[in-house]
K.L.:
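I'd like to ask you about the structure that follows.
Note: hydrogens, waters and symmetry copies are ignored here, and every other heavy atom, side chains too, is used. Computed from a predicted structure; not experimentally measured.
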Amino acid sequence: MRQKSEPNKKYRPGRLQAREDRVGYLFVAPWMLGAIIFVIYPLFQSFVFALNKIKMTPKGRISTFVGMKNFTNIWAEDPDFVTKLMTYLAETILAIPVIVVFALMIAMLLNGKIKCRGFFRLIFFLPVIIASGPVMNQLTDQGAATIPVMDATMIEQLLDQYLPHFLAEPIGSVFSNFVMLLWYSGVQILLFLAALQKIDASLYEAAKIDGGSGWECFWKITLPTIKPMILLNAIYTVVFMSNNEQNDIINLIYTTMFSVDGGYGYASAMAWMYSIIELFMIGVVTLIIAGRKDEYEKNIKRHKKQMRKQARLQRKLERRRVRHETKRRREQRKAITTK
């Protein structure tokens with residue numbers, strides 16, 4: 001006997017889309033659950049800690065609500081945080097252009113037609129894998145972060161003579177940790193490589209046919225094209241330098257967390273203040289890099305604005321013409337009926 005075939009199921013409009021959405025939510029659910037447990041809840045708990053004075057006793061944790069006192073004490077009674085914060089800001093401002101420019105230069109060299117490109121890419125990315133955590137601390141203690149032929153101490157002394165101390169100290173720190181700063185550029189090199197490989201080669205060919213030099217091609221084609229990646233690398237550099245093991249403020253927060261005078265509450269307030277300042281710094285970097293729009297984009301927007309203005313004027317004239325035509329026909333019909 002022939003079995004009856006099951007009738008085709010008729011899906012209502014949007015039912016397939018709803019099923020696909022449920023599958024998507026199912027795939028996203030582990031990440032959302034992890035974000036709630038390991039990110040959102042710890043952030044909320046740390047903010048609650050920042051509003052309390054916490055003491056660890058054999059009987060457990062004792063919390064005493066103090067409001068915003070921990071935040072005010074950071075600026076009024078803790079000179080170490082303010083001093084190290086100013087040093088961190090100055091060092092980061094100086095290190096960002098060094099790391100980003102070096103990463104762009106190396107990426108452009110590795111993007112060229114050279115032998116053993118894969119090997120050189122591995123060489124520049126290897127410090128990101130190896131030189132982290134305790135390994136970086138050991139290399140820094142042994143003086144591997146400085147250039148051997150460069151006397152960093154003499155440079156710092158010269159800077160102290162001609163510059164204020166709050167400027168001489170971060171600049172000297174950049175010279176003393178110059179190699180370590182270059183070690184931080186592995187990820188940025190890869191991001192720049194990905195951006196450079198996406199540029200259409202026909203743009204360079206057309207520019208060279210028109211007589212453009214390599215320097216002009218860099219300023220007119222390469223740099224505007226990879227501008228979003230420059231912003232990304234700058235933000236990544238700020239975040240990385242703000243959270244690595246060599247940051248004095250991070251070490252200060254760790255030390256304060258287990259100290260008698262500080263505790264979890266005071267350290268949490270310090271971490272929140274540091275995070276707010278870091279977000280503010282990211283915003284400043286974003287405004288500096290992405291705030292200035294390209295002249296070509298400005299001309300395009302100006303042209304689109306003029307086209308919209310002309311379109312509105314054309315619609316206005318068309319509506320006026322229709323009104324006049326309607327009025328004329330009405331007058332003609334009225335004249336005919338009166339006759």
K.L.:
Do the side chains of V101 and I230 join up, straight or via other hydrophobic residues, at under 4.5 Å, putting them in one cluster?
P.N.:
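Per the 4.5 Å side-chain linkage, V101 and I230 are not co-clustered.
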K.L.:
Within the structure provided, determine whether L51 and K69 are in side-chain contact (heavy-atom separation under 4.5 Å).
P.N.:
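Side-chain contact under 4.5 Å: no.
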K.L.:
So V82 and I74, do their side chains get closer than 4.5 Å, heavy atoms only?
P.N.:
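No - every pair of side-chain heavy atoms lies 4.5 Å or more apart.
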K.L.:
If I compare all heavy atoms of I289 with all of A234, which pair ends up nearest, and what's the gap?
P.N.:
CD1-CB, 3.5 Å
K.L.:
Give a yes-or-no answer on whether the side chains of D78 and Y266 include a donor-acceptor pair shorter than 3.5 Å.
P.N.:
yes
K.L.:
If I compare all heavy atoms of I282 with all of V239, which pair ends up nearest, and what's the gap?
P.N.:
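For I282 versus V239, the nearest heavy atoms are CD1-CG2, 3.8 Å.
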K.L.:
Can you measure from CZ (R323) to CD (E318) and round to the nearest 0.5 angstrom?
P.N.:
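Rounded to the nearest 0.5 Å, the CZ-CD separation comes to 11.0 Å.
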K.L.:
Check whether more than 12 heavy atoms from other residues, nucleotides or ligands sit under 6.0 Å from atom CD of Q197, and answer yes or no.
P.N.:
yes
K.L.:
Quick one: does T87's side chain get under 4.5 Å of D248's, heavy atoms only?
P.N.:
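No - every pair of side-chain heavy atoms lies 4.5 Å or more apart.
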K.L.:
Quick one, L232 with Q188, criterion side-chain contact (heavy atoms from CB on, under 4.5 Å). Give me CA distance, side-chain angles, the key distance, then yes/no.
P.N.:
CA-CA 9 Å; L232 176 62; Q188 291 89 327; over 6 Å; no
K.L.:
Roughly how far, to the nearest 0.5 Å, is OG1 of T225 from NZ of K220?
P.N.:
12.5 Å
K.L.:
Output, in order, the C-alpha distance, side-chain angles, deciding distance and verdict of side-chain contact (heavy atoms from CB on, under 4.5 Å) for L252 and N247.
P.N.:
CA-CA 9 Å; L252 178 63; N247 194 331; over 6 Å; no
K.L.:
If you take all heavy atoms of M241 and Y88, which pair is closest and at what distance?
P.N.:
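Smallest heavy-atom distance, with atoms named: O-CE1, 4.5 Å.
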K.L.:
How many angstroms lie between NZ in K84 and CD1 in I253, if you round to the nearest 0.5 Å?
P.N.:
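The NZ atom of K84 sits 10.5 Å away from the CD1 atom of I253.
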K.L.:
Using the rule that two of Ile, Leu, Val, Met, Phe, Trp, Tyr join whenever any of their side-chain heavy atoms come within less than 4.5 Å, decide whether L193 and M105 are in one cluster.
P.N.:
no
K.L.:
Taking the side chain from Q310 and the backbone from M307, do they hold a donor-acceptor pair closer than 3.5 Å?
P.N.:
no
K.L.:
Working note: T64 + N52, criterion side-chain contact (heavy atoms from CB on, under 4.5 Å); need CA distance, chi angles, decisive distance, verdict.
P.N.:
CA-CA 5 Å; T64 305; N52 293 269; 5.8 Å; no
K.L.:
Could you check R329 against E325 for salt bridge (Lys or Arg N to Asp or Glu O under 4.0 Å), going step by step and ending with a plain yes or no?
P.N.:
CA-CA 6 Å; R329 291 177 181 177; E325 185 69 20; 3.3 Å; yes
K.L.:
Can you classify the ring geometry of Y236 versus F240 as parallel (below 30°), tilted (30 to 60°) or perpendicular (above 60°)?
P.N.:
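Plane angle under 30°, so parallel.
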K.L.:
Which atoms form the tightest heavy-atom contact between L85 and I249, and what is the distance?
P.N.:
CA-CD1, 3.5 Å
K.L.:
Is any side-chain heavy atom of T92 closer than 4.5 Å to a side-chain heavy atom of I96?
P.N.:
yes
K.L.:
Does F44 CZ have over 12 foreign heavy atoms under 6.0 Å away?
P.N.:
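12 or below, so no.
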K.L.:
How close do A107 and I189 get, counting heavy atoms only, and between which atoms?
P.N.:
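So the minimum-distance heavy-atom pair works out to CB-O, 3.8 Å.
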K.L.:
The criterion is side chain to side chain contact (heavy atoms under 4.5 Å, CB included); which residues satisfy it with D210, sequence neighbours excluded?
P.N.:
none
K.L.:
Below 6.0 angstrom between ring centroids: does that apply to W272 and F71?
P.N.:
no
K.L.:
Can you confirm whether F47 is buried at CZ, in the sense that more than 12 heavy atoms of other residues, nucleotides or ligands lie under 6.0 Å from that atom?
P.N.:
no
K.L.:
Would you check, one step at a time, whether the test side-chain contact (heavy atoms from CB on, under 4.5 Å) holds for L313 with K309?
P.N.:
CA-CA 6 Å; L313 181 61; K309 186 177 180 179; 5.8 Å; no
K.L.:
Could you grab the distance from atom OG of S185 to atom CG of N233, nearest 0.5 Å is fine?
P.N.:
10.0 Å
K.L.:
CZ of R321 to CZ of R328: how many Å apart, nearest 0.5 Å?
P.N.:
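The CZ atom of R328 is 10.5 Å from CZ of R321, to the nearest 0.5 Å.
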K.L.:
Specify the closest pair of heavy atoms between I54 and S63, including all atoms of both residues, with the distance to one decimal.
P.N.:
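For I54 and S63, the tightest heavy-atom pair comes out as CG1-OG, 3.9 Å.
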K.L.:
Could you measure the distance from the CD1 atom of I199 to the CG atom of L203? Nearest 0.5 Å is fine.
P.N.:
8.0 Å
K.L.:
Are F218 and I209 connected, step by step, through hydrophobic side chains (Ile, Leu, Val, Met, Phe, Trp, Tyr) whose heavy atoms are closer than 4.5 Å?
P.N.:
no
K.L.:
Grouping I, L, V, M, F, W and Y whenever their side-chain heavy atoms are under 4.5 Å apart, do F49 and I276 come out in a common cluster?
P.N.:
no
K.L.:
Is the shortest side-chain heavy-atom distance between R312 and R308 below 4.5 Å?
P.N.:
yes
K.L.:
Taking the side chain as every heavy atom from C-beta outward, state whether N70 and M270 have any pair of such atoms under 4.5 Å apart.
P.N.:
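The answer is no, as the side chains (C-beta and beyond) never meet within the 4.5 Å cut-off.
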K.L.:
Verify whether one side chain among T222 and Y204 offers a donor that lies under 3.5 Å from an acceptor in the other.
P.N.:
yes
K.L.:
Quick check on the hydrophobic clustering: are L43 and M32 connected, directly or via other members, by side-chain heavy-atom contacts under 4.5 Å?
P.N.:
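In one cluster: no.
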K.L.:
With a 6.0 Å cut-off on ring centres, are Y274 and F81 close enough?
P.N.:
no
